[in-house]
Amino acid sequence: QVQLVESGGGLVQAGGSLRLSCAASPRTFNRFHMGWFRQAPGKEREFVAAISWSGGTTHYADSVKGRFTISRDNAKNTVYLQMDSLKPEDSAVYYCAADSTIATWTSRTSWDYWGQGAQVTVSS
């Protein structure tokens, strides 16, 4: 089993920044691909960003490209999502996801393990 715990959410003004963290177990973290999804009220959960187990490959949704950066520290079993130039439409619950094999990076059905979510609210 993989357990994921997100932290770092909160309230920020438009144009500001936040960094989300996702701490993972077990010790085989460095063999899992990691991703971030988000879900706004009344909307489906959508892909935000993903990173391969080695950190060598990253993927981003068009809506966050150039503003968000995903990274990982395998020594700390942690993946990060740095969010800059935040917009009100970025407000959502952000979920960390993990899997050892990924069929389609942007599809939530490709990911087996999920965290509880962290609320991000961007005020205008």
Compare every heavy atom of W105 with every heavy atom of A50, then report the nearest pair and how far apart it is.
CB-CE3, 3.5 Å

Could you check if a side-chain atom of M83 sits within less than 4.5 angstrom of a side-chain atom of V120, using non-hydrogen atoms only?
yes

Calculate, to the nearest 0.5 Å, the distance between atoms CG and CZ belonging to N74 and R31 respectively.
9.5 Å

Testing the basics here: between V2 and A98, what is the closest heavy-atom pair and its distance to 0.1 Å?
CG1-CB, 4.4 Å

If you measure from CD1 on I51 to OH on Y60, what distance do you get to the nearest 0.5 Å?
7.0 Å

How long is the gap from CZ on R72 to CG on L81, to the nearest 0.5 Å?
13.5 Å

Classify the side-chain pair T109/S107 by whether it contains a donor and acceptor separated by less than 3.5 Å.
yes

Could you pull out every donor-acceptor pair under 3.5 Å between side chains of residues 4-19 and any protein atom, sequence neighbours left out?
residue: E6; atom: OE1; partner: Q116; partner atom: N; Å: 3.1
residue: E6; atom: OE1; partner: G117; partner atom: N; Å: 2.9
residue: E6; atom: OE2; partner: C96; partner atom: N; Å: 2.8
residue: E6; atom: OE2; partner: G117; partner atom: N; Å: 3.2
residue: S17; atom: OG; partner: D84; partner atom: OD1; Å: 2.7

Within a 6.0 Å radius of atom CD on Q3, are there more than 12 heavy atoms belonging to other residues, nucleotides or ligands?
no

4.5 Å side-chain heavy-atom contact, T106 and E46:
no

Taking K65 first and then D62, would you say they form a salt bridge - that is, a charged N and a carboxylate O separated by under 4.0 Å?
yes

Establish whether F37 and I102 are linked, either directly or via other cluster members, by ILVMFWY side-chain heavy-atom contacts under 4.5 Å.
yes

T121 side chain vs S91 backbone, donor-acceptor pair below 3.5 Å:
no

When every non-hydrogen atom of A92 is compared with those of A40, the smallest separation belongs to CB-N, 3.8 Å

In terms of heavy-atom contacts, V48 and V64 come closest through O-CG2, 3.5 Å

Pair W53 and F29, ring centroids less than 6.0 Å apart
no

D99 side chain to D112 main-chain N or O, any donor-acceptor pair under 3.5 Å?
yes

Non-hydrogen atoms of L20 and A118 that approach each other most closely
CD2-CB, 4.5 Å

Are V93 and M34 grouped together when hydrophobic residues (ILVMFWY) are joined by side-chain heavy atoms under 4.5 angstrom apart?
no

Is the Lys NZ or Arg CZ of R108 less than 6.0 Å from the centre of F47's six-membered ring, within 45° of the axis?
no

Could you report the tightest heavy-atom contact between K76 and T78, atom names first, then the distance?
O-OG1, 2.8 Å

Taking only residues two or more places apart in sequence, or in another chain, which ones meet Y94 in a side chain to side chain donor-acceptor pair (under 3.5 Å)?
R38

Side-chain heavy atoms nearer than 4.5 Å, only ILVMFWY residues, links allowed to pass through others: does that put Y95 and F32 together?
no

side-chain contact (heavy atoms from CB on, under 4.5 Å) partner of H33, the single match among S100, S52, S54:
S52

Can you check whether I70 reaches Y80 side chain to side chain, under 4.5 Å on heavy atoms?
no

